[in-house]
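Single-structure report; data block below.
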Amino acid sequence: MSWLNEFEERLDRLDQGALLRRRRVVQPLAGARLQVDGCELLAFCSNDYLGLAQDPVLADAVRAALPVFGVGSGASPMVSGHSAANADLEAELADAVGLPRALYFYAGFATNASIVPALVTEGDALFSDALNHACLIDGARLSRARIQRYGHGRLDELASLLAASPARRKLVISDAVFSMDGDVVDVAGLHALCERHDALLLLDDAHGFGVLGPQGRGVLAAAGLTGSAASPRVLYMATLGKALGVSGAFVAGPATLVEWLLQTTRSYTYATAAPALLAEAIRAGLRLVLGPDGERRRRHLQGLITQLRRGLGPGAHAALTRSAWRLMPSETAIQPLVIGGNQAALSVMAALRERGLWVPAIRPPTVPAGTARLRMALSAAHTREDVDRLLQALYDIASTVPAASDGEAAPTDAAEFRPAAT
Ligand SMILES: *Cc1c(COP(=O)(O)O)cnc(C)c1O
């Protein structure tokens, strides 16, 4: 039998483990609502934290760019794909994050997967947080440098690894805001360790840029490591498809390092440049983000985060207290509620969906086994009433879940349940 026949069995095994993923065809509606399979759902699954993805200002920028630039860029930025729009965007991004230079990429995944191998190689050492995003992990593997993983947020462990490393070139890679947990890295602590051990630090601020720091300038600005205090040993990467509402990514840092990345990053050289009309939309989004409109959106988002956390906090509701569900300690727009088992998480997701709410269940391998969770993502496009609706639905569903007995761990798949209202 040909090995090609194994794929069907492998898919069956994924299905049996409740690990098969299904896409939905969605149509955006106003106010964080989506048309999905003919029903309207209130969505808590987008990374569009400031509600810019549907903003008319960005759409107008695209319309204005179209007759000037056309649709496609036609070539790599190294050939003829580098438009005036893309060049202006790079200058404005560098300015926004207070770093000397920035390079604009068509996607965040391709950026990290490719800049890590451009920085280190065989014989070098890489230090990676255990919960880093898949694209940093892939970049690390591609580099062929020696990968040393440290426990999530364990700077003490990182310090020992750095101290013990005989490698001359050391690169520390970390998410700034962890995408499935929502917690923020200790930027100052990481930077101090890199200083002490002559290491380079690459921070992925996909979920922080636009939202965190003064004017949404990101975690480096929040840590005071920008402008005249910019560090020669930090590369800052962020994406433009989340809070900025469009797509793409950039990496910013010391001019020499960015020039090196421009010369050697394969996903930059050997890929078609991002279309100028997207660059124009991002420029329009960036102006909003840095201005009073962005400030208003961030304040509103912060209010929603507080409201949700209070509503799911200790003593907020008896059924929640009895359940084994656990709200993770996040202060960002990413608010994960750990359910435990894969099937249990899917069941809660299904029960929410019956109530017109869409909150994704995140399962292994995206998160560690036994920690399947609802990843609630808040956006400035939500209202306080939207968050109330989510809270009420979670209270209702929690009342149908078998109570967790004292000292019992979060339920595993053996303890799965079916929502009452099916
Ligand atoms: C989304 C994400 C990326 C990938 O960015 P894309 O532009 O969507 O390819 C990279 N890193 C982190 C932490 C992310 O959450």
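Note that ligands are numbered from 1 as they come in the structure, with each ligand's atoms numbered from 1 the same way.
- Taking only nitrogen or oxygen atoms, main chain and side chain alike, Val177 does not reach within less than 3.5 Å of ligand 1.
- Looking at Cys135 against ligand 1, only its side chain comes within 4.0 Å, counting heavy atoms.
- Closest of all the heavy-atom pairs between Thr272 and Tyr106 is O-CD2, 4.2 Å.
- Using a 4.0 Å cut-off to heavy atoms of Asp204, the atoms of ligand 1 that qualify are 10 (C), 11 (N), 12 (C), 13 (C).
- Considering both main-chain and side-chain atoms, Asp175 never comes within under 3.5 Å of ligand 1 through any nitrogen or oxygen pair.
- Counting only heavy atoms of the protein, atom 6 (P) of ligand 1 lies nearest to Gly108 N, 3.3 Å.
- A side-chain N or O of Thr383 and one of Asp386 form a donor-acceptor pair less than 3.5 Å apart.
- By the 4.0 Å N-to-carboxylate-O rule, Asp198 lies close enough to Arg233 to be salt-bridged with it.
- Looking at Lys242 next to ligand 1, an N or O pair under 3.5 Å apart turns up.
- Judged purely by distance below 3.5 Å, without hydrogens or angles, the side chains of His152 and Asp183 pair a donor atom with an acceptor atom.
- A salt bridge does not link Arg287 to Asp293: none of the charged side-chain nitrogens sits closer than 4.0 Å to a carboxylate oxygen.
- Side-chain contact, Thr332 with His207: no donor N or O sits under 3.5 Å from an acceptor N or O.
- In terms of polar-atom proximity, defined here as any N/O pair under 3.5 Å, His207 does make such a contact with ligand 1.
- Ligand 1 has an N or O atom lying under 3.5 Å from an N or O atom of Phe109, backbone or side chain.
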